[in-house]
Amino acid sequence: MSSASSASSASAAQSYRVLQLNLCHSGVNTSCFNGADVIQEARDIIGARQPQAVTLNEICRDDLAQLAPSMGNGHRVFAPALRPDGTPVRCVNGDEYGNGLIFRATGATNFSGVYATQDGGSERRVYVCAEFPDLTGCTTHLSTTGNVAMAQCKAAIAMLRDRGAATRPTFLAGDFNMRYAPLFGQNVQNCNSAPFFRKGDGDVQHVFAASMGFERTDVVSMRYTDHPALLVTLTRP
């Protein structure tokens, strides 16, 4: 390829910003629950950072409707975490508790699933995805038990690889409850495999991406939850 062609290809790539948020908004975990203030804080960060996609953990279903206007009322999807009996986990206000996605784009179909490996606690962990004609985006919140979180992470990566991640832009973002190269416990990098790469916040939030490039990572402190915001700027054709 000539240098002119290379420059043209590079200029054709578009930035694609994925904003990962764990909002601790269920009210169940009182140590980090700060009520509606965290929703306004999330709106402010969305407005300032202008992501193309927002991935959300530890939210109530109605939070999506409150945040969607900040994303231009694009496509959104929610999937509840489940009790062992298959019923949704509930926030203290009675709303369903779980994970969600909001995009600026529209026209996606949704799919979700429950991991085969679970830790035996009161919450069955899930993933949720939106599939556009030219991109697949997902979020998940994994077990706090290390070996279970690793099995869930590997299952999610394998699932997306089977859905064509090697040939279409794909990302998986969330709270994985695993760190990169920790002194003790599971290393989140060990769940990564081609064609994916991983970027993280220095703690338990990560974005895995395939068939996309990478520009930068920004970690933004948040006052009303126990996790920072993780903004990963990717590139896509």
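Model, not experiment: these values are computed from the prediction. Position 1 is the first residue of the sequence, and the numbers go up from there.
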Side-chain ([X]) to main-chain ([Y]) donor-acceptor, under 3.5 angstrom:
| X | Y | result |
| --- | --- | --- |
| R216 | L231 | no |
| D203 | Q205 | no |
| H25 | G35 | yes |

Atom OH of Y180: over 12 foreign heavy atoms under 6.0 Å: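 Atom OH in Y180 is not packed in, count stays at 12 or less.
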
Kindly indicate, with the supporting measurements, whether the criterion side chain to side chain contact (heavy atoms under 4.5 Å, CB included) is fulfilled by Q186 and T145. CA-CA 9 Å; Q186 297 285 346; T145 301; over 6 Å; no

Among [options], exactly one meets side chain to side chain contact (heavy atoms under 4.5 Å, CB included) together with [X]. Which residue is that?
| X | options | result |
| --- | --- | --- |
| L56 | D63, L19, L101, L67 | L67 |
| H227 | L21, L23, V204 | V204 |
| V128 | T55, N110, V77, T140 | V77 |

Would you tell me whether [X] and [Y] have side-chain atoms, one donor and one acceptor, within less than 3.5 Å of each other?
| X | Y | value |
| --- | --- | --- |
| D175 | N57 | no |
| Q152 | S143 | no |
| Q50 | R17 | no |
| T136 | R163 | no |

Do NZ/NE/NH1/NH2 and the carboxylate oxygens of D95 and R90 come within less than 4.0 Å?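 Answer for the salt bridge query: no.
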
Common cluster, L135/V207, ILVMFWY with side-chain heavy-atom separation under 4.5 Å: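 Same hydrophobic cluster.
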
Should L230 and F103 be counted in the same cluster of Ile, Leu, Val, Met, Phe, Trp and Tyr side chains packed under 4.5 Å apart?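 L230 clusters together with F103.
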
Under the ring-ring contact (aromatic ring centres under 6.0 Å, His included) test, residues paired with F171 that sit two or more places apart: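 By the ring-ring contact (aromatic ring centres under 6.0 Å, His included) rule, F171 matches no residue at all.
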
Just wondering, do K154 and S193 contact through their side chains at under 4.5 Å, heavy atoms?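 A side-chain contact under 4.5 Å is absent here.
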
